[in-house]
Enquirer: 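Once you've had a glance at the structure underneath, I'll fire off some questions.
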There are 2 protein chains.
Amino acid sequence: MIKTKFSIAIHIMTLLAMYKEDWMNSILIAESLNINPVLVRKEIAALKAGGLVESKEGKNGGVKLLIDANKIRLSDIFKIAKGTDTVLSPLKNKPNPNCRVGKQINSKMDTILEDIDTAISKELEKQTLEEFMNQF
Amino acid sequence: MIKTKFSIAIHIMTLLAMYKEDWMNSILIAESLNINPVLVRKEIAALKAGGLVESKEGKNGGVKLLIDANKIRLSDIFKIAKGTDTVLSPLKNKPNPNCRVGKQINSKMDTILEDIDTAISKELEKQTLEEFMNQF
DNA sequence: CATTACTGTAATTTTTTTAATTACAGTATA
DNA sequence: TATACTGTAATTAAAAAAATTACAGTAATG
């Protein structure tokens with residue numbers, strides 16, 4: 001569910017940008033979000049795989065930005081949160097293949113859905129994480 | 001759920017554009033989509049309220065475009081499907097009000113989420129329903 | 001070197017959301 | 001007056017998401 005992941009990811013990244021010297025742990029972050037720490041850790045795993053953060057295990061461990069907040073654009077965070085999904089996904093039910101529209105709708109829709117994601121990325125490219133954080 | 005509604009609405013509108021002389025009924029449309037007719041009728045109610053289609057009750061009734069397909073842009077359909085929601089909605093859990101980020105994140109996010117919807121609308125403005133239909 | 005405090009995941013359960021179904025009143029057609 | 005629709009509300013079933021539990025692995029610290 002992109003909509004949740006995106007909100008979680010932005011929140012996490014804002015915290016990390018604000019306390020960029022500290023290793024922040026998932027419980028603290030989860031308390032700020034008011035969600036379960038495991039969800040936070042999962043999203044951190046994605047941000048880590050995307051190269052935006054680093055983490056340290058063990059006592060006094062936690063997470064930290066790997067890149068300066070002014071080098072990170074909100075679109076970078078969006079792309080990681082979204083993964084391979086599209087924001088507006090097609091219906092799960094297979095449309096009727098005996099219908100002229102049903103037969104082709106999914107492939108035609110796919111183009112639109114990809115274009116929408118590209119448009120979102122372009123929009124989010126405009127703002128850096130630092131700019132976003134400086135509002136707080 | 002905007003993602004479902006948008007797909008349903010586009011599918012319905014494509015069918016109506018293709019068979020623009022006919023009153024199409026919800027069972028036929030539902031069979032093309034392979035979903036329940038009640039869901040179709042609900043989305044038709046929204047399209048009707050949005051002024052894009054007209055419907056006729058009783059025997060031989062159904063739904064029909066009210067506006068020519070070349071005057072309808074995909075953004076018009078998107079706006080109706082989305083209603084007052086944003087595509088990427090904020091988390092339901094209230095973030096921690098004792099946290100500097102938690103306290104303000106929702107209001108700051110709202111701006112981003114609105115901007116995303118505007119960007120999607122702009123993208124979908126580029127294509128008319130007729131152009132989309134002509135692909136089939 | 002044992003204790004503590006973390007990450008990282010997997011597995012399971014609970015909760016929430018979405019979709020399907022059922023039901024039926026109202027209406028136009030023939 | 002029978003038939004075939006729309007329009008909606010209420011209920012049930014199914015699917016998805018979130019929370020919880022559990023625990024192995026790891027690093028710091030006394």
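In the text below, chain A, chain B and the rest are named by the order of the sequence lines, each starting its count at 1.
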Enquirer: Please list, in 5' to 3' order, the outermost nucleotides of DNA chain D lying under 4.0 Å from any heavy atom of chain A.
Expert: D:dA16 to D:dT29
Enquirer: Rounded to the nearest 0.5 Å, what separates atom OG1 in B:Thr86 from atom CD1 in B:Ile112?
Expert: 11.5 Å
Enquirer: In whole angstrom, give the distance that lies between atom CZ of B:Arg41 and atom P of C:dA19.
Expert: 17 Å
Enquirer: Could you tabulate the donor-acceptor pairs under 3.5 Å formed by side-chain atoms of residues 66-84 of chain A, not counting sequence neighbours?
Expert:
residue: A:Asp68; atom: OD2; partner: A:Asn70; partner atom: ND2; Å: 3.3
residue: A:Arg73; atom: NH1; partner: A:Glu125; partner atom: O; Å: 2.7
residue: A:Asp76; atom: OD2; partner: A:Arg73; partner atom: N; Å: 2.8
residue: A:Lys82; atom: NZ; partner: A:Asp85; partner atom: O; Å: 2.7
residue: A:Lys82; atom: NZ; partner: A:Asp117; partner atom: OD2; Å: 2.7

Enquirer: Tell me whether A:Met24 shares a hydrophobic cluster with A:Met18, the cluster being built from Ile, Leu, Val, Met, Phe, Trp, Tyr side chains joined at under 4.5 Å.
Expert: yes
Enquirer: Taking CG from A:Leu39 and C1' from C:dT14, how many angstroms apart are they, rounded to a whole number?
Expert: 14 Å
Enquirer: Mind checking A:Ile27 for me? I need base, sugar-phosphate or nothing, with any heavy atom below 4.0 Å counting as a touch.
Expert: nothing
Enquirer: Residues two or more places apart in sequence or in another chain: which of them pass side-chain hydrogen bond (donor to acceptor under 3.5 Å, both in side chains) with B:Asn34?
Expert: none
Enquirer: Quick check for you: among C:dA20, C:dT17, C:dT29, whose closest atom lies nearest to any side-chain atom of B:Asn60?
Expert: C:dT29
Enquirer: Rounding to an integer number of Å, can you tell me how far A:Asn36 CG sits from C:dT13 P?
Expert: 16 Å
Enquirer: Would you indicate what A:Val63 reaches in the nucleic acid, counting non-hydrogen atoms under 4.0 angstrom: base, sugar-phosphate, or nothing?
Expert: nothing
Enquirer: To the nearest Å, how far apart are B:Lys56 NZ and C:dG26 P?
Expert: 21 Å
Enquirer: Are A:Leu16 and A:Phe136 connected into the same hydrophobic cluster when the rule is that any two of I, L, V, M, F, W, Y join if their side-chain heavy atoms are below 4.5 Å apart?
Expert: yes
Enquirer: What is the separation between atom CG on B:Asn34 and atom P on C:dT21, rounded to the nearest whole Å?
Expert: 10 Å
Enquirer: Whole angstroms only, please: what is the CE-P distance between B:Met1 and C:dT18?
Expert: 6 Å
Enquirer: Are A:Ser7 and B:Leu88 side-chain neighbours, meaning at least one heavy-atom pair lies under 4.5 Å?
Expert: no
Enquirer: Would you indicate what A:Lys92 reaches in the nucleic acid, counting non-hydrogen atoms under 4.0 angstrom: base, sugar-phosphate, or nothing?
Expert: sugar-phosphate
Enquirer: How far does CZ of B:Arg41 sit from CD1 of B:Ile29, to the nearest 0.5 angstrom?
Expert: 10.5 Å
Enquirer: Whole-Å distance between C:dA20 C1' and A:Leu91 CG?
Expert: 14 Å
Enquirer: Closest-nucleotide mapping onto DNA chain C: is A:Lys42 or A:Gly62 further toward the 5' terminus? I mean the 5' end.
Expert: A:Gly62
Enquirer: For B:Ile35 and C:dT21, give me the distance from atom CD1 to atom C1', rounded to whole Å.
Expert: 14 Å
Enquirer: For B:Lys5, which contact category applies under a 4.0 Å heavy-atom criterion: base, sugar-phosphate, or nothing?
Expert: nothing
